[in-house]
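Scroll down for the structure; my scribbles are underneath it.
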Amino acid sequence: MFLRKRISHRGTFGISVLKEFSGQGIGSMLLAEIINYAKSVNLEILELEVRTDNIPAIHLYKKFGFKEYGLYEKFFKIDHKYYDGTLMLLVLN
């Protein structure tokens, strides 16, 4: 949640699941809880950034209704290497 009034209707988050636990539904459970919480505090929009090459995560977010909204070039920097990111949004109301 953002504290500034003009953007307080939005929330941003990130989740991560260790590779050895992927494919077990953990990401889906986490995402469902985040969405339920966001609704309970009357957020209207959820947003996140995901690496453009993280196809399983993008598929998961789309399964829950998120839509790709924009591209951030060089958004992530991991071990001195840049990765692009995709901004994804879910409108809750």
Side-chain angles (χ1 to χ4, degrees):
M1 265 188 307
F2 294 103
L3 299 177
R4 298 176 81 188
K5 186 171 178 139
R6 68 180 90 170
I7 58 174
S8 63
H9 64 289
R10 297 176 17 219
T12 187
F13 72 97
I15 61 174
S16 182
V17 177
L18 294 173
K19 285 184 183 185
E20 61 260 31
F21 297 107
S22 67
Q24 298 180 25
I26 296 168
S28 291
M29 288 186 286
L30 288 169
L31 195 50
E33 287 299 318
I34 290 166
I35 293 169
N36 287 336
Y37 175 76
K39 289 178 179 178
S40 78
V41 295
N42 298 316
L43 288 180
E44 298 172 25
I45 297 172
L46 280 177
E47 58 188 54
L48 61 92
E49 297 89 19
V50 59
R51 277 178 45 177
T52 56
D53 62 346
N54 190 345
I55 303 305
I58 292 170
H59 177 74
L60 172 67
Y61 299 135
K62 285 182 176 182
K63 183 172 92 172
F64 277 83
F66 283 81
K67 298 198 183 311
E68 293 182 36
Y69 191 76
L71 173 70
Y72 287 112
E73 292 182 3
K74 297 184 178 182
F75 186 79
F76 299 97
K77 186 175 181 182
I78 303 167
D79 296 328
H80 307 288
K81 183 176 178 185
Y82 291 100
Y83 298 89
D84 293 342
T86 299
L87 172 64
M88 298 189 77
L89 298 177
L90 174 65
V91 178
L92 297 169
N93 62 353

Pair Ile15-Tyr61, side chain to side chain contact (heavy atoms under 4.5 Å, CB included): steps then yes or no: CA-CA 11 Å; Ile15 61 174; Tyr61 299 135; 3.5 Å; yes

Stepwise side chain to side chain contact (heavy atoms under 4.5 Å, CB included) test for Glu68 and Ile58: CA-CA 9 Å; Glu68 293 182 36; Ile58 292 170; 3.8 Å; yes

Trace of the side chain to side chain contact (heavy atoms under 4.5 Å, CB included) decision for Lys63 with Leu60: CA-CA 5 Å; Lys63 183 172 92 172; Leu60 172 67; 4.1 Å; yes

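The structure places NZ of Lys39 at 9.5 Å from CG of Leu46, a figure rounded to the nearest 0.5 Å. Of the inter-residue distances, the one linking His9 atom NE2 with Ile45 atom CD1 reads 4.0 Å to the nearest 0.5 angstrom. Between the NZ atom of Lys62 and the NZ atom of Lys67 there is a distance of 9.0 Å, given to the nearest 0.5 Å. A distance of 16.0 Å separates OH of Tyr83 from CD of Glu73, quoted to the nearest 0.5 Å. Separation of atoms CG (Leu31) and CG (Asn36) is listed at 10.0 Å; rounding is to 0.5 Å. Here the CD1 atom belonging to Ile34 is positioned 4.5 Å from the CZ atom belonging to Phe13, to the nearest 0.5 angstrom.
The two residues Lys74 and Asp84 have their closest heavy-atom pair at N-OD1, 2.9 Å.
For the pair Arg51 and Phe76, the cation-pi test (distance below 6.0 Å, angle within 45°) is failed.
Clustering ILVMFWY residues whenever any of their side-chain heavy atoms sit less than 4.5 angstrom apart, transitively, puts Leu18 in the very cluster that holds Met29. Placement of Phe21 and Leu30 within a single hydrophobic cluster is found when ILVMFWY residues are connected by side-chain heavy-atom separations under 4.5 Å, directly or transitively. Linking Ile, Leu, Val, Met, Phe, Trp and Tyr residues whenever their side-chain heavy atoms come within less than 4.5 Å places Tyr37 and Phe66 in a single cluster. By the criterion of side-chain heavy atoms lying less than 4.5 angstrom apart, applied directly or through intervening Ile, Leu, Val, Met, Phe, Trp or Tyr residues, Ile78 is grouped together with Phe75 in one hydrophobic cluster.
Heavy atoms of other residues, nucleotides or ligands lying less than 6.0 angstrom from CD of Gln24 number more than 12.
Screening Asn93, Leu90, Ile35, Leu92 for a side chain to side chain contact (heavy atoms under 4.5 Å, CB included) involving Leu43 leaves a single residue, Leu92.
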